[in-house]
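Note sheet for the following structure.
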Amino acid sequence: MYLSLPEECSAENIARLWQETMPAITRLSSADELVVVADDVKSCAGSGEALILELHRRSATQGFAIVCQDRNGVVARTLRLFEVKRFLDNAEAGNSARRTETPVQIGKAVVEIFDNICEQLAFLGEMTVSAFKLLARPGRLRLRDTMLHLERVGVDALPIILLIGFLLGVILAFMSATSFRQFGVEVYVADLIAVGLFRELGALITAIILAGRSGSAFAAELGSMKVNEEIDALVTLGLPPVVFLAMPRVIAATLVMPFLTIFTIVSGLAGGVLVLMSLGIPATTYWQHVFNSTHLSNVLLGLSKAAVFGLLVGLVGCSQGLRASRTADAVGRAATAAVVGSLVLITVCDGIFAVLSYILGI
Amino acid sequence: MPDDIVITVDNVCAGYDVPVLEGISFNVRRGEIFAILGGSGCGKSTLLKHMAGLTPPLAGEIRLMGDPVTGGSQADRARALRHFGMAYQSGALFGSMTLLENVSLPLESFTDLPRDARCLLAEMKLELVGLKEYASFFPAEISGGMKKRAAIARAMALDPEILLLDEPSAGLDPVTSAGLDRLILRIRDLQGVTVVMVTHELASIFAVAGRCIMLDKPSRSMLAEGRPSELRDNPPCAAVRAFFNREGKD
């Protein structure tokens, strides 16, 4: 078989030649001979050298002989630069050597999950110890940072909280009014909205917004600080990152959540009254039903949930940020893990609250 | 323009919003290793970014192989950009890809080579910088010096005629730095590329650079142009002498 290399061994020419000739070359056996005509080659880019190397690699593995007509010394130069035997195990083989078997991958995943749980528990322990130390010496809390995070997590979130809360009230009112109208009891929509928002949805929706907005931001901020070695700098200065970085964020998230929940509830009730007024129910009747169905126990239950959800969002966001690895994509992964982890924990915790309030008759 | 001039920097005012350098003019000849020197913050990297077409200079013109890097038509700029590869100070490798994938990326985007050809070519580039054994490693798994070498391999993937290097030896130990200098010389000799490097490492300058220019922050100008040994032995001004003799300020 003859193979003539073009005058210009550019990527374009070699790509065409490679696709045209390689199937035939793959069929060559030890009884065959490949004559490579490189006499006309004037310039040879890396792709030309790759073709020459590939031919010699295939000759070594398939056993056919190669005869080179190489007046300009292009082939010889390539073979001087790159030893064929070093390329016999190709990149795919190199990659497969590092590829692991499925059982090993499963094992590694299980160990990773276990490590993750251990790290979360260690972080929780460290936070608890730090909280007790702070109670003993409150002056150690970085008040300025805490205030800054209170503003970022709380005040800056108000527009989205008010909008989502209002729309939630509108949706709840329309959805329930359609069913209640069949029985002529549309007026009880106010009771449903009030109980639903105070007991359950107010805290839950606010926590979901907080997880998406602030939990991910905590993880991304701390993850970036880890990549930039700022956290290492804190450690070498003798400042524990948990007290210095995590505590102000967790305190801010915990304190601000009940207030944000109140705003969600109030805007939700405002959304509800607008819908019911459009359905012909007077606002005074709506508010009367709201006040009658709102018990202090419901309010306290909702606000306690809110504080716990805020604590969870803060803890998960900070722990994911602090345990992020040092690559750029790790920051994105930490932010995702913070949101997913927060949502899972919030749901689980909400379930626990539901069971406990049922048992306690609240 | 003489045939052997590959880069022309003509009366360039460098900077992003505020000029840090003014009236900079020089030529780079084919096959030479050209160093841009100067103290920290004097605008070396900014000038290199202008040369790479990442940001346009505030005034003046830069031409690679006769084509304008900035200004001109989109086609002119695209043609000019195909002439060079650039390696960044930190390596700027993509963390989610192995070294082989990092080097293969430009081949995948700009050539029709089949996958096995791209892999082999990427391996050859890694072999050239001594990293073939690390082809399947991720950037986070290798050292800073290796990252810089891998970045050079990626910059060389499309066989550019000009290689732009931003502080290739910064942050490396002397042995690794000397190895990188040898690699730059080897690439120039084997591939015939023209190398433009920004550096303030004296050892590297004397080891590899054929010619250099010296930039100055206070005067926002080019203080000198010539061979490194000439500038060291016959400095045209006090700032150049201070740079080459490491005379610090108190």
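Quick note on labels: first sequence line is chain A, next is B, and so on, each numbered from 1.
Around atom NZ of Lys147(B), more than 12 heavy atoms belonging to other residues, nucleotides or ligands sit under 6.0 Å away. More than 12 heavy atoms of other residues, nucleotides or ligands shown are found within 6.0 angstrom of CZ on Phe82(A). Within a 6.0 Å radius of OH in Tyr16(B), more than 12 heavy atoms belonging to other residues, nucleotides or ligands are found.
Atom OG of Ser47(A) sits about 8.5 Å away from atom CG of Leu107(B), to the nearest 0.5 Å. Note: Met124(B) CE to Leu81(A) CG = 8.0 Å, rounded to the nearest 0.5 Å. Within the model, atoms CH2 of Trp18(A) and CG of Asp112(B) stand 13.5 Å from one another, a figure rounded to the nearest 0.5 Å.
Of all heavy-atom pairs spanning Ala45(A) and Asp159(B), the tightest one is CB-OD2, 3.3 Å. Nearest heavy atoms, Gln191(B) versus Arg77(A): N-NH2, 4.5 Å.
Note on residues 24-35 of chain A: pairs passing side chain to side chain donor-acceptor pair (under 3.5 Å), not counting sequence neighbours, are Thr26(A)-Arg58(A), Ser29(A)-Asp32(A).
Two residues are said to be in side-chain contact when any heavy atoms from C-beta on lie closer than 4.5 Å; Asp329(A) and Phe94(B) fail this criterion. Side-chain contact between Glu49(A) and Leu121(B) is absent, with no heavy atoms from C-beta onward closer than 4.5 Å. With contacts defined as side-chain heavy-atom distances shorter than 4.5 Å, the pair Gln19(A)/Pro114(B) qualifies.
In this structure, the portions of Leu190(B) lying under 4.5 Å from any heavy atom of chain A include both its backbone and its side chain. Heavy atoms of Arg16(A) lying under 4.5 Å from chain B are absent altogether.
For the pair Lys132(B) and Phe87(A), the cation-pi test (distance below 6.0 Å, angle within 45°) is passed.
Ser143(B) pairs by the side-chain hydrogen bond (donor to acceptor under 3.5 Å, both in side chains) definition with nothing, not counting sequence neighbours.
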